[in-house]
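Encoded as structure tokens, the structure appears first; notes follow it.
Letters A, B, ... are given to chains in the order of the sequence lines, protein chains preceding strands, and every chain is numbered from 1.
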Protein chains: 2
Amino acid sequence: MKIDPKNKSDLSAQIAKAIRDSIISGDMIVDERLPSESELADQFDVSRPTVREALKRLAAQNLIRTQRGATGGAFVRRLSYDEAYAQHITTSTLLLSMNAVDFETACEARFALERACAPLSAKRRTPDHLATMRAEIHRQAQPGLSDERFCDSDVAFHRALVDGADNPVLSYQLAGAVEAMQPLMNMITFTQRNRDVIIGLHTRIADALEMKNSADADEALAELTAYTLTLGEEAMEARARR
Amino acid sequence: MKIDPKNKSDLSAQIAKAIRDSIISGDMIVDERLPSESELADQFDVSRPTVREALKRLAAQNLIRTQRGATGGAFVRRLSYDEAYAQHITTSTLLLSMNAVDFETACEARFALERACAPLSAKRRTPDHLATMRAEIHRQAQPGLSDERFCDSDVAFHRALVDGADNPVLSYQLAGAVEAMQPLMNMITFTQRNRDVIIGLHTRIADALEMKNSADADEALAELTAYTLTLGEEAMEARARR
DNA sequence: CTGTCTAAAATGTCAGACAATTAAACGCAC
DNA sequence: GTGCGTTTAATTGTCTGACATTTTAGACAG
């Protein structure tokens, strides 16, 4: 670990990078304790507040955890699946909204990836996954459900589909595409007729997965893709006219 | 923006969360200036160093940028595609290595997602993408290429395949699966015979995409999946015996 | 041997100060 | 009035020193 003393600005960023590199490279293993803040301050020849800013940067990326007390300090943290999952969704959502990714692009990506999961999900889905999907379909059919709740349920349905593939790496990567689309989906007004079509397709998907019929699931997903695209286009047009 | 004064610990985390929420919710738009550190310190009733630690957390997530000088301050930052991409790869790689995801799972996810891209790539790939793929195939055939370089080239080839789909959302999500597998791929020793098989399949894929023949590409990818899995299993066995 | 108390170590926070940087405001010559 | 250099004010970056809080380990008394 060392920093460039010539570059006087952004000391805390440099220190954070130095420590981050030794974590990523594997020099420091999980649960290993970093030197104390004072020691780090001495090593890098900066003040303790500067070291602390660097450590907060790492904490923000879930790379370390800190613990107070006599045996306390900063420890390399095992990146938990749930945290990474949550962070991935946040980042994906921001990326879409801040860079004005259009509905078509996001939708295409989302369903292309979901269709990649369908064959695996047909093979491995458990009764639990099917039950979740059925429950969400039932929820989607409830009268008086707000558009936002309908979208929530839609996401939950598709998450069950993806999780059915029983591959955490797939679930993780898919989360970014499926959940990040929610703000875009929320712009759509779902009429009763829209909902009926979607629920019908969801039912076909659930049936297909239950029968382990991958081809049917794929076909229904393809139709759902096309239908969602249509709805999105209409919503965008309505928004443009207003 | 407000924080819980009862919970005395982790003030900087609370402040970071408060600011992050107003960025994510859209209350603060891109390039909007945050109050100065002193003003934030007053608002939250904490000291400036504490505010600074909070701001560093946000800076670590690329949510803000800071600028010195008279009109300086902290500004909401447009999350750039490249930064998010790089961060996504880092996180995915760490997630895989720290949680000991097995080769099979990662491999399955990677190729399932790639196969989702193939039809789109067959439709939209540009001559540029094809040229990149051909160049990487040529590089892979060079004698004396180290295993690591071979893997690098493999990743570059597949990235071109994915980018050919011309969907940034897909490219972004796929990056996590493709690039994060590199450390696992690096454990494999690629014999000349292994390489010949892989290069053959790569050539089939490139040919299929050039002909816009999506079915052929999918078939070659399926074979590549199976072959990579075999290589991975052998590598794991060899590692276990040692 | 056991329980309690104290001390030490570490992070969390604060206050105040100075340095560095940047742009706007100002003043002055032309 | 205009243009250019200078000053000045605002803001972040950093440092010093201090105190608060939390937690453990060890000393000590019973």
Side-chain angles (χ1 to χ4, degrees), chain A residues 1-20 23 28 30-77, chain B residues 1-20 23 28 30-77:
Chain A
M1 295 192 207
K2 58 187 164 192
I3 56 174
D4 181 9
K6 289 194 300 288
N7 191 353
K8 286 293 184 188
S9 64
D10 263 335
L11 281 176
S12 71
Q14 290 175 49
I15 293 168
K17 181 173 183 342
I19 300 176
R20 179 163 40 239
I23 294 176
M28 309 204 66
V30 169
D31 287 336
E32 186 174 345
R33 183 179 174 281
L34 273 71
S36 75
E37 295 177 352
S38 311
E39 284 167 350
L40 285 172
D42 284 346
Q43 280 182 30
F44 289 115
D45 198 28
V46 297
S47 69
R48 220 188 111 206
T50 303
V51 168
R52 279 183 63 76
E53 288 180 3
L55 292 179
K56 293 310 168 198
R57 295 180 113 108
L58 299 176
Q61 298 179 308
N62 293 316
L63 288 176
I64 60 169
R65 67 189 156 79
T66 57
Q67 191 178 320
R68 277 162 58 151
T71 58
F75 299 83
V76 178
R77 185 172 184 184
Chain B
M1 294 192 208
K2 58 188 162 193
I3 57 175
D4 180 10
K6 289 194 300 286
N7 191 353
K8 286 294 185 187
S9 64
D10 262 336
L11 281 176
S12 71
Q14 289 175 49
I15 293 168
K17 181 173 181 347
I19 300 176
R20 179 164 41 239
I23 294 177
M28 309 204 65
V30 169
D31 286 335
E32 186 173 345
R33 184 179 174 280
L34 273 71
S36 75
E37 294 177 354
S38 313
E39 283 168 351
L40 286 173
D42 284 346
Q43 279 182 31
F44 289 115
D45 199 28
V46 296
S47 70
R48 221 189 110 205
T50 303
V51 168
R52 279 183 64 77
E53 288 181 4
L55 292 179
K56 294 308 168 197
R57 295 179 114 109
L58 300 177
Q61 298 179 308
N62 293 316
L63 287 177
I64 60 169
R65 67 188 154 79
T66 57
Q67 192 178 320
R68 281 168 47 160
T71 57
F75 299 83
V76 178
R77 185 171 184 187

Length of the line joining [X]:[atom1] and [N]:[atom2], which is rounded to integer Å:
{"X": "E53(B)", "N": "dC15(D)", "atom1": "CD", "atom2": "P", "result": "14 Å"}
{"X": "F44(A)", "N": "dG13(D)", "atom1": "CZ", "atom2": "P", "result": "19 Å"}
{"X": "R52(B)", "N": "dG16(C)", "atom1": "CZ", "atom2": "P", "result": "18 Å"}
{"X": "E39(A)", "N": "dA10(C)", "atom1": "CD", "atom2": "P", "result": "6 Å"}
{"X": "Q14(B)", "N": "dT13(C)", "atom1": "CD", "atom2": "P", "result": "8 Å"}
{"X": "D42(A)", "N": "dA10(C)", "atom1": "CG", "atom2": "P", "result": "12 Å"}
{"X": "I64(A)", "N": "dA10(C)", "atom1": "CD1", "atom2": "P", "result": "16 Å"}
{"X": "R48(B)", "N": "dT16(D)", "atom1": "CZ", "atom2": "P", "result": "16 Å"}

Open item on the list: So, does S47(A) get its side chain near the phosphate of dC15(D), meaning an N or O under 4.0 Å from OP1 or OP2?
Closed with: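 For S47(A), the contact criterion (side-chain N or O under 4.0 Å from OP1 or OP2 of dC15(D)) is met.
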Task: OP1 or OP2 of dG12(C) under 4.0 Å from side-chain N/O of T66(A) - done: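 T66(A) to dG12(C) OP1/OP2: side-chain N or O found under 4.0 Å.
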TODO: Choose from dC14(C), dG13(D), dT24(D) the nucleotide whose nearest atom is closest to any side-chain atom of E37(B).
DONE: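 Selected nucleotide: dG13(D).
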Task: Comparing T50(A) and A70(A) on DNA chain D - which has the more 5′ nearest nucleotide - done: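 Residue closer to the 5' terminus by nearest nucleotide: T50(A).
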Task: Earlier contact from the 5' end, DNA chain D, for G69(A) and S36(B) - done: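 Between the two, 5'-proximity favours S36(B).
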Task: Steps toward salt bridge (Lys or Arg N to Asp or Glu O under 4.0 Å) verdict (D10(B), K17(B)) - done: CA-CA 11 Å; D10(B) 262 336; K17(B) 181 173 181 347; over 6 Å; no
Task: Least distance between heavy atoms, E37(B) atom then V51(B) atom - done: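 Taking every non-hydrogen atom into account, O-CG1, 4.0 Å.
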Open item on the list: Looking at every non-hydrogen atom in both residues, tell me the closest pair between I64(B) and A74(B) and how far apart they are.
Closed with: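 In terms of heavy atoms, the two residues are closest at CD1-CB, 4.2 Å.
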Task: Sugar-phosphate, base or nothing in reach of R33(B), heavy atoms under 4.0 Å - done: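 It contacts sugar-phosphate atoms only.
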TODO: Examine distances only and state if a side-chain atom of R65(A) and a backbone atom of G73(A) form a donor-acceptor pair shorter than 3.5 Å.
DONE: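 Between the backbone of G73(A) and the side chain of R65(A) there is no qualifying donor-acceptor contact (under 3.5 Å).
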Task: Side-chain donor or acceptor of E39(B) paired with backbone N/O of S36(B) under 3.5 Å - done: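 The answer is yes, because a donor-acceptor pair under 3.5 Å joins these two groups.
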Task: Comparing Q67(A) and P49(A) on DNA chain C - which has the more 5′ nearest nucleotide - done: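 The residue closer to the strand's 5' end, by nearest nucleotide, is Q67(A).
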